[in-house]
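It should be emphasised that the depicted structure is a prediction, and the values quoted were computed from it without experimental measurement. Numbering of ligands and ligand atoms starts at 1, following listing order.
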Amino acid sequence: MGIEDIVKTGVAIVGGGPAGLLLSQRLHLEGVDNVVLECRSREHVLGRVRAGVLEWGSVEVLRDSDVGGRLDIDGHEHDGADIVWGGEHRLTIDTKKYADRPMMAYGQTNITEDLYAARAAMGGIVVDEAERVTLHDIDTHHPSVGYTKNGDSHRIDCVFIAGCDGFHGVSRQSIPRTERREFEKEYPFGWLGILSETPPLPDLIYANSERGFALCSMRNPMLSRYYIQCELDTNLDDWPDERFWEELKLRFPRNIGDAIVTGASIEKSIAPLRSFVSEPMSYGRLFLAGDAAHIVPPTGAKGLNLAISDVFYLSRALVAQIKHGDERYLSSYSDMALRRVWGAARFSWWLTGLLHRFPAQGSFDLRAQQQELSYLASSDAHMRSVCEQYAGLPFEDLT
Ligand code: FAS
Ligand code: PHB
């Protein structure tokens with residue numbers, strides 16, 4: 001039977017990014033039928049360069065989902081991240097020491113590749129270039145999704161729909177506006193990021209500098225990821241590699257800047273920063289997971305990790321309902337997921353405020369920023385609080 005002949009499934013998953021593919025994988029491992037509808041080509045999805053840092057809880061979910069093989073070989077385990085400020089000060093967010101959990105550097109692109117490979121190996125059904133996806137009867141016991149492919153229209157009847165189609169997807173918008181509460185904050189700057197086939201610094205380092213935020217990160221021993229805060233109307237054409245490297249180095253103390261190995265960029269992009277949460281994360285037989293329900297500024301490395309924790313909760317809930325008739329996890333999914341979402345959203349907002357330069361900042365604001373960084377460097381209590389949030393709070397279970 002061809003993919004297009006599928007007319008009925010247990011869970012119709014809209015969106016084939018990390019959330020949709022991981023949910024499909026976890027449901028399949030538990031024997032729950034599902035189909036993924038992805039509107040873009042596989043090449044387009046894999047061409048997106050995004051997140052790079054995993055919480056340990058995310059690592060464990062990926063391993064539990066039988067997609068931890070390459071991660072365990074190529075992932076770079078590290079004990080947290082450093083922050084430099086004032087041109088000379090440096091502190092370490094030591095998640096290993098203060099939260100007893102390391103972090104793992106492993107690119108979102110690799111995770112998506114691993115998930116696509118696992119789906120194919122298990123005979124999972126992922127429909128690429130599924131256009132004009134529509135959701136129907138989500139507030140009834142007989143929901144369905146429609147889509148077109150190669151000009152032909154298709155409909156899939158399902159028991160539940162998972163909206164994993166990101167911020168610009170159709171799923172969240174399928175919930176009546178009167179049923180949704182949206183909370184949004186836009187930041188007056190973006191991140192200009194590049195990927196280069198150069199050896200990264202040994203540590204992940206954030207910089208609060210008078211010229212603006214910067215970040216040195218990594219993907220593997222010969223692939224580095226760097227970001228600098230930029231104006232929202234920045235034009236990539238104005239940023240040739242040479243200018244980017246010069247500006248990046250200026251935002252770090254001399255000894256760190258001199259250690260950055262430069263080279264040709266293989267990817268360069270600008271991401272605007274936004275905080276966004278849509279409540280509730282479920283409506284009738286539709287359940288949202290990942291960026292479809294929330295967006296966090298990448299400062300706290302939480303976006304991808306939240307998508308993974310949403311999927312952990314949602315897969316547990318759908319399996320409990322479909323295989324065991326236990327609706328408790330499904331009825332508590334939205335509230336449980338939102339507690340973790342808001343925890344990460346607040347932390348990401350706070351860390352963004354601490355590390356970036358805001359146009360409206362005055363001398364008092366700047367001095368308060370410096371003071372909080374000094375306090376963080378000197379207070380075990382504050383550092384413990386920051387580390388447990390950066391490392392990722394434990395997943396909840398029903399009491
Ligand atoms: P995604 O957006 O990844 O996936 C949604 C999928 O649904 C896409 O493949 C899309 O094509 C598809 N889709 C959309 N509409 C559809 C429709 N109508 N029908 C069918 N399919 C549809 N997080 C970090 O932790 N660190 C970072 O540095 C970082 N950088 C980022 C940079 C950018 C530019 C962006 C946009 C996000 C970044 N993020 C970062 C967050 C990012 O990693 C997300 O959290 C992660 O991709 C969430 O995964 P999904 O929820 O699967 O959403
Ligand atoms: C990345 O490696 O892309 C990265 C790391 C840490 C962040 C954001 C992005 O906070």
K.L.:
Which atoms of ligand 2 are found less than 4.0 Å from any heavy atom of Arg50?
P.N.:
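Taking each heavy atom of Arg50 in turn, ligand 2 has 3 (O) under 4.0 Å.
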K.L.:
Considering distance alone, does some N or O of Tyr206 sit under 3.5 Å from an N or O of ligand 2?
P.N.:
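N/O-N/O distance under 3.5 Å: yes.
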K.L.:
If you measure every N or O of Thr299 against every N or O of ligand 2, does any of those distances drop under 3.5 Å?
P.N.:
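Indeed, backbone or side chain, Thr299 has an N or O that close.
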K.L.:
Considering heavy atoms of the protein only, find what lies nearest to atom 8 (C) of ligand 2 and give residue, atom and distance to 0.1 Å.
P.N.:
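Protein heavy atom at minimum distance: Pro298 O, 3.2 Å.
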K.L.:
Measure the distance from atom 2 (O) of ligand 2 to every protein heavy atom, then report the residue, atom name and distance (to 0.1 Å) of the closest one.
P.N.:
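Answer, as residue, atom name and distance: Ser217 OG, 2.6 Å.
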K.L.:
Where on Tyr226 is there a heavy atom closer than 4.0 Å to ligand 2, on the side chain, on the backbone, on both, or on neither?
P.N.:
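Contact part for Tyr226 vs ligand 2: neither.
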K.L.:
So which heavy atom in the protein is nearest atom 5 (C) of ligand 2, and how far is it from that ligand atom?
P.N.:
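Nearest neighbour among protein heavy atoms for atom 5 (C) of ligand 2, to 0.1 Å: Val53 CG2, 3.4 Å.
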K.L.:
Side chains of Asp94 and Tyr390: any donor to acceptor distance under 3.5 Å?
P.N.:
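No donor-acceptor contact under 3.5 Å links the two side chains.
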K.L.:
Can a non-hydrogen atom of Tyr390 be found less than 4.0 Å from any atom of ligand 2?
P.N.:
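Checking ligand 2 against Tyr390, which is what was asked, there is no heavy-atom contact under 4.0 Å.
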K.L.:
Show which atoms of ligand 2 fall inside a sub-4.0 Å distance from at least one heavy-atom site of Ala301.
P.N.:
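The atoms of ligand 2 under 4.0 Å from a heavy atom of Ala301 are 6 (C), 7 (C), 10 (O).
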K.L.:
Is it true that Arg340 and Glu396 have a side-chain N and a carboxylate O under 4.0 angstrom from each other?
P.N.:
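Salt bridge absent between Arg340 and Glu396.
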K.L.:
Is the closest side-chain donor-acceptor distance between Glu372 and Trp85 under 3.5 Å?
P.N.:
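Looking only at side-chain atoms, Trp85 and Glu372 do not form any donor-acceptor pair under 3.5 Å.
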K.L.:
Just checking, is any N or O donor in the side chain of Gln389 or Arg346 under 3.5 Å from an acceptor N or O on the other one?
P.N.:
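Gln389 vs Arg346: donor-acceptor pair found between side chains.
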K.L.:
Ion pair present between Glu184 and Arg274, side-chain N to carboxylate O less than 4.0 angstrom?
P.N.:
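Yes, charged N to carboxylate O under 4.0 Å.
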K.L.:
Do NZ/NE/NH1/NH2 and the carboxylate oxygens of Arg225 and Glu267 come within less than 4.0 Å?
P.N.:
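Looking at Arg225 and Glu267, the cut-off is met.
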K.L.:
May I have a table of the N/O to N/O pairs between ligand 1 and the protein that fall below 3.5 Å, each row giving the two atom names and the distance to 0.1 Å?
P.N.:
{"unit_1": "ligand 1", "atom_1": "2 (O)", "unit_2": "Arg50", "atom_2": "NH1", "d": "3.1"}
{"unit_1": "ligand 1", "atom_1": "3 (O)", "unit_2": "Arg50", "atom_2": "NH1", "d": "2.8"}
{"unit_1": "ligand 1", "atom_1": "9 (O)", "unit_2": "Glu38", "atom_2": "OE1", "d": "2.8"}
{"unit_1": "ligand 1", "atom_1": "9 (O)", "unit_2": "Glu38", "atom_2": "OE2", "d": "3.4"}
{"unit_1": "ligand 1", "atom_1": "9 (O)", "unit_2": "Arg48", "atom_2": "NH2", "d": "2.4"}
{"unit_1": "ligand 1", "atom_1": "11 (O)", "unit_2": "Glu38", "atom_2": "OE2", "d": "2.7"}
{"unit_1": "ligand 1", "atom_1": "21 (N)", "unit_2": "Cys39", "atom_2": "N", "d": "3.2"}
{"unit_1": "ligand 1", "atom_1": "25 (O)", "unit_2": "Gly303", "atom_2": "N", "d": "3.4"}
{"unit_1": "ligand 1", "atom_1": "28 (O)", "unit_2": "Tyr227", "atom_2": "OH", "d": "3.4"}
{"unit_1": "ligand 1", "atom_1": "43 (O)", "unit_2": "Gln108", "atom_2": "OE1", "d": "2.5"}
{"unit_1": "ligand 1", "atom_1": "45 (O)", "unit_2": "Asp291", "atom_2": "OD1", "d": "2.9"}
{"unit_1": "ligand 1", "atom_1": "45 (O)", "unit_2": "Gly303", "atom_2": "O", "d": "3.2"}
{"unit_1": "ligand 1", "atom_1": "45 (O)", "unit_2": "Leu304", "atom_2": "N", "d": "3.2"}
{"unit_1": "ligand 1", "atom_1": "47 (O)", "unit_2": "Arg50", "atom_2": "NH1", "d": "3.0"}
{"unit_1": "ligand 1", "atom_1": "47 (O)", "unit_2": "Gln108", "atom_2": "NE2", "d": "2.9"}
{"unit_1": "ligand 1", "atom_1": "51 (O)", "unit_2": "Asp291", "atom_2": "N", "d": "2.9"}
{"unit_1": "ligand 1", "atom_1": "52 (O)", "unit_2": "Pro18", "atom_2": "N", "d": "3.3"}
{"unit_1": "ligand 1", "atom_1": "52 (O)", "unit_2": "Ala19", "atom_2": "N", "d": "2.9"}

K.L.:
Taking 4.0 angstrom as the limit, do Asp165 and Arg172 come out as a salt bridge?
P.N.:
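Between Arg172 and Asp165 there is no salt bridge, as every charged N stays at least 4.0 Å from the carboxylate O atoms.
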K.L.:
Using non-hydrogen atoms of the residue, decide whether Lys302 is closer than 4.0 angstrom to ligand 2.
P.N.:
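Outside the 4.0 Å threshold, so no.
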K.L.:
Could you check whether Lys8 pairs with Asp33 (Lys NZ or Arg NE/NH1/NH2 to Asp/Glu carboxylate O, under 4.0 Å)?
P.N.:
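Result for this pair is no, no salt bridge flagged.
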K.L.:
I want to know if ligand 2 touches Leu204 in the polar sense, i.e. an N/O pair below 3.5 angstrom.
P.N.:
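No - when backbone and side-chain N and O of Leu204 are compared with those of ligand 2, no distance drops under 3.5 Å.
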K.L.:
Hydrogens and angles aside, do Arg180 and Tyr283 bring a side-chain donor and acceptor to less than 3.5 Å of each other?
P.N.:
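Short answer, no.
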K.L.:
Determine, for Asp72 against Arg63, whether the closest basic-nitrogen to carboxylate-oxygen distance falls under 4.0 angstrom.
P.N.:
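Looking at Asp72 and Arg63, the cut-off is met.
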K.L.:
Taking atom types as modelled, is there a side-chain donor on Arg26 or Ser65 under 3.5 Å from an acceptor on the other?
P.N.:
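Arg26 vs Ser65: donor-acceptor pair found between side chains.
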